[in-house]
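Below you'll find the structure, written out as structure tokens, and then a few comments.
Throughout, protein chains are lettered first and strands after them, A, B, ... in sequence-line order, and every chain is numbered starting at 1.
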Amino acid sequence: MLRCLPKVPDFIIPFQSLALPAFHISSVSHCLHKNIELNSPCPTDLSDYIVLLQQCTSRKSLWDLRRTHLHMHKSGFPHLSLGNKLIQSYLKCGSIEDASNLFDEMPQRHVVTWNSMISAYVCHGLSGEAIGLFERMCLENVFADEFTFSIVFKAFSDMGLVHGGRKAHGLLVVLGLEVSDAFVGSGLVDMYAKFGRLRDARLVCDRVVEKDVVLLTALIVGCTQHGENGEALEVFRGMIVKEIKANDFTFASILIACGVLGDRRSGMQIHGLMVKSGYDYVVACRTSLVTMYSKCGSIDDSLKVFERCPGANLVTWTALITGLVQNGREESSLLMFKQMVGKSLSPNAFTLSSVLRACSVLAMYEQGQQIHCIVLKTGLHGERYVGAALIDMYGKCGSIGMARLVFDSLDKCGVVLINSMINSYAQSGYGKGAVELFDHMQKSGIEPNDATFLSVLSACSNAGLVEEGCRIFSSLQRNSKLDPSTDHYACVVDLLGRAGRLEEAENLIKQVEEPDAVLWRTLLSACRIHGKVEMARRVMTRVLELDQGNEGAHVLLSNIFASAGEWSEVSNMKITMKDMKLKKSPGMSWIKVDREVHTFTAGDPSHPRATEINEELERLREKIETLGYVPDVRFVLQDLNEEDKKRSLYYHSEKIAIAFGLLSYKHNNTCIRIFKNLRVCGDCHNWIKYVSKVSEREIIARDAKRFHHFTDGMCSCGDHW
DNA sequence: GTAGGGTTAG
């Protein structure tokens, strides 16, 4: 039937390219063949068609529009302004395809028609096509006007084409058009700001005579996106002074600046202004408020804002969940996440990386796995941030195998993902894995950054890979692009110190221009391992010069004296610490059994199953002593007799937690995962090795610094921690 | 005979 239609005049869209569904085509043909009229009275002149097109667009009926189009071509109306009107009607009805086909067929086009098409492409996120059309327009010697430029600058900024954008600016000047137009100005300011050329953005902004809210908001956004938050606030204040009223876009952006600056005072003032202006019901503004308060550390205010936000969308939920994680409310963040999913909102990459972070911090392995399932279901496993968060989560839960599995499943491995993986190896004490990956990345031509060096050096120090660590550190010193930071030095000091090369470690600290308390404390910790009392006294004075109230250093020194049996020094230290109001945090271990967390302190008799636990501890003691376990009383830091020292060791919190774990999972051969707030003591470490052998169980202990994986009498740290 | 600016992260 289509083949029977008359030849289409040139300026009208070819009939075949209308791509109508089959029944539409037959009805159109039917209309045409039977001469069924479109409307009554039948359009006869230009104004009739204009009215008809207006009717189609107001009803947004693409079908009627196409019918009218056909009628026009049948009646032979090749009028330029009508063609343009038709293109705009197609765009208003949402069919960029019809508009574009018609545009290509037109023998003549007005600049307005070019503008409409370019603008439609930009609005549909097709900035590449918009730029193509702009270039075609220039080649065809059509003079672009202010309107054209106000749109193409956005297209260039969307595509990140700095050079092209600057060329377009040049052309604007050559054509003698004015930057001072607020529309052109805001397009340019936005483009330069997004390219990070804030100076250019400000220069353009200064030239605009009649500054309006959109122009200044574009500048504010540019400032916030490039870390110039103070400047953003200045622009905002200037705006208020000039009595240019801020709108929802302005408020949503400026609140972010207050959050990043941690300027709660300004944030609250702006919140007040926003309420007065009536924009506090705009969801984007509320979302920014949630972020602002959470970044200022007032997460309870974020919660209040959120509670009164009935239209909360995915971004609002994500802002709150992320805020909760950043404010140490990981458990609440997971509850909120559950509520969000219950409302049938599907999480995005931002939401998922935040909740995965919550699982990492809490070392919640099962929940982490559940979220991994959601990641797979939502198809977001390829997202960089999600991948990094997954590797980090598995690493922090001690599942190095799963971390590697996720790592290997990712297509593109950038430096951030490699860092996450190396860091996971470091925390679990797989130094070799970390060094291998580090060497491999360099062979594949990926440049390590400062975080990579930090992770791989800490991996070496955790695994006692002294020579490897020194080799990597000297390669960092030779690296022309990176400078070793005090953190890098601290890793190497730790590495040398733990290996007993204390003088070398001390000399290394002396090479640092401004050594901090952390560096000296690291050396102090090495003195503790190697019982170097005299050196410890000297190092302690350095620590105190830089950080008087360093609680950790006081505890360390006190433990050094205790190990050396200098009990009078120990009691002196206790008095000093009491005077300085420094408290030693009590050692604590916990284990999760059936969704419940059980916490234990040393010698804790309060658990309902305390008797059973003691019996289990006794059974374990008998079994492991036959294998050769001897309690190491050097780790008892109290002045007791030998027998009491031995007894005090039996009831260390990590031992109680493991005994409870073995009792709870008696009939279930799962791995026992325990957590400790301080570092595992040497005797407990040895004890757990024996227990893993006699119980034939895998035991994972996460202490304040790292993971220990115990299997068959061995630990992944190779006794280096 | 048409338009420019916003919110979430490791």
Side-chain angles (χ1 to χ4, degrees), chain A residues 50 80-81 84-85 87-88 91-92 110-120 122-123 145-155 157 181-191 193-194 201 205 208 212-222 224-225 246-257 259 279 282-292 294-295 309 312-323 325-326 340 347-357 360-361 383-393 395-396 414-417 419-420 423 451:
Chain A
I50 288 174
L80 178 65
S81 67
N84 183 48
K85 196 84 185 154
I87 280 192
Q88 272 154 23
L91 293 175
K92 276 183 185 159
H110 196 274
V111 62
V112 177
T113 319
W114 287 93
N115 287 349
S116 304
M117 281 310 299
I118 295 174
S119 153
V122 174
C123 287
D145 61 9
E146 270 104 344
F147 193 94
T148 326
F149 284 102
S150 75
I151 320 157
V152 292
F153 289 139
K154 179 170 165 45
S157 86
D181 178 273
F183 282 99
V184 177
S186 51
L188 256 179
V189 165
D190 182 54
M191 181 183 82
K194 288 209 172 112
C205 188
V208 180
D212 71 356
V213 58
V214 178
L215 175 80
L216 293 173
T217 306
L219 189 59
I220 288 174
V221 172
T224 55
Q225 283 176 347
N247 64 16
D248 47 345
F249 283 69
T250 329
F251 284 119
S253 312
I254 196 64
L255 284 167
I256 297 302
Y279 286 111
V282 179
V283 178
C285 293
R286 292 228 161 184
T287 306
S288 289
L289 268 182
V290 168
T291 309
M292 184 275 289
S294 92
K295 286 225 160 92
C309 185
N313 59 19
L314 178 63
V315 182
T316 326
W317 279 92
T318 305
L320 184 72
I321 289 168
T322 306
V325 178
Q326 286 171 341
M340 190 195 96
N348 64 12
F350 292 89
T351 334
L352 291 169
S353 50
S354 284
V355 282
L356 282 170
R357 162 125 194 89
S360 308
V361 174
E383 292 275 330
R384 264 184 329 134
Y385 286 107
V386 176
L390 272 172
I391 295 170
D392 189 54
M393 182 275 290
K396 289 218 166 67
V415 66
V416 176
L417 287 170
N419 289 355
S420 304
N423 206 33

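- Between dG10(B), dT8(B), dG4(B), one nucleotide has an atom nearer to the side chain of Thr318(A) than all others, and that is dT8(B).
- Put simply, the side chain of Ser150(A) and the base of dG4(B) share no donor and acceptor less than 3.5 Å apart.
- The shortest heavy-atom contact between Ser150(A) and Phe183(A) is CB-O, 3.7 Å.
- Closest approach to the Arg384(A) side chain among dG10(B), dG5(B), dT8(B) is made by dG10(B) (side chain taken as heavy atoms from C-beta onward).
- The heavy-atom pair separating Ala193(A) from Gly222(A) by the smallest distance is CB-CA, 3.3 Å.
- Using a 4.0 Å heavy-atom distance criterion, Ala349(A) is classed as making no nucleic acid contact.
- Of the N and O atoms on the side chains of Ser253(A) and Thr224(A), not one donor lies less than 3.5 Å from an acceptor on the other residue.
- Here dG10(B) presents its P atom at 11 Å from NZ of Lys396(A), a figure rounded to the nearest Å.
- Tested against Ser119(A) for a side-chain contact (heavy atoms from CB on, under 4.5 Å), the candidates Ile151(A), Leu91(A), Val152(A) yield a single pass: Ile151(A).
- Ranking dG5(B), dG1(B), dT7(B) by closeness to the Thr217(A) side chain, first place goes to dG5(B).
- Using a 4.0 Å heavy-atom cutoff across all strands shown, Ile256(A) reaches sugar-phosphate atoms only and no base atom.
- Minimum heavy-atom separation, Val208(A) to Gly185(A): CG2-CA, 4.0 Å.
- The NZ-P distance, from Lys295(A) to dA9(B), rounds to 4 Å in whole Å.
- Phosphate contact (OP1/OP2 of dA9(B), side-chain N/O of Gln326(A), threshold under 4.0 Å): present.
- Under 4.0 angstrom from either OP1 or OP2 of dT7(B) there lies at least one side-chain N or O belonging to Gln225(A).
- Which of dA9(B), dA3(B), dT8(B) sits closest to the side chain of Tyr385(A) comes down to dA9(B).
- In this structure, CD1 of Ile254(A) is placed 13 Å from C1' of dG5(B), rounded to the nearest angstrom.
- Nearest heavy atoms, Ser294(A) versus Gly323(A): OG-CA, 3.5 Å.
- The residue Val189(A) sits apart from the nucleic acid: no heavy atom pair falls under 4.0 Å.
- No hydrogens or angles were tested; on distance alone, nothing pairs the side chain of Asn84(A) with the base of dG1(B) as donor and acceptor under 3.5 Å.
- Contact annotation for Val221(A): backbone-only contact, meaning every heavy-atom pair under 4.0 Å involves sugar-phosphate atoms and none involves a base.
- Distance NZ (Lys92(A)) to C1' (dA3(B)): 13 Å, rounded to an integer number of Å.
- Using a 4.0 Å heavy-atom distance criterion, Val282(A) is classed as a base contact.
- Between the CD1 atom of Ile391(A) and the P atom of dA9(B) there is a distance of 20 Å, rounded to whole Å.
- Applying the 3.5 Å distance criterion, the base of dG10(B) shares no donor-acceptor pair with the side chain of Asn419(A).
- With centroids closer than 5.5 Å and planes inclined by less than 30 degrees as the test, Phe350(A) and the base of dA9(B) fail to qualify as a stacked pair.
- Contact annotation for Asp212(A): base contact, defined as any heavy-atom pair under 4.0 Å involving a base atom.
- For the pair Asn115(A) CG and dA3(B) P, the interatomic distance rounds to 10 Å; values are reported in whole Å.
- With dT7(B), dA9(B), dA3(B) as the candidates, the nucleotide lying closest to the side chain of Ser288(A) is dT7(B).
- When heavy atoms are screened at a 4.0 angstrom cut-off, Thr351(A) is found touching no nucleic acid atom at all.
- Straight-line distance from the CD1 atom of Ile321(A) to the C1' atom of dT7(B): 15 Å, rounded to whole Å.
- In this structure, CG of Leu352(A) is placed 13 Å from C1' of dG10(B), rounded to the nearest angstrom.
- Taking 4.5 Å as the limit, every side-chain heavy atom of Glu383(A) sits out of range of all side-chain heavy atoms of Asn348(A).
- Distance from the side chain of Lys154(A) is smallest to dG4(B) among dG10(B), dT8(B), dG4(B).
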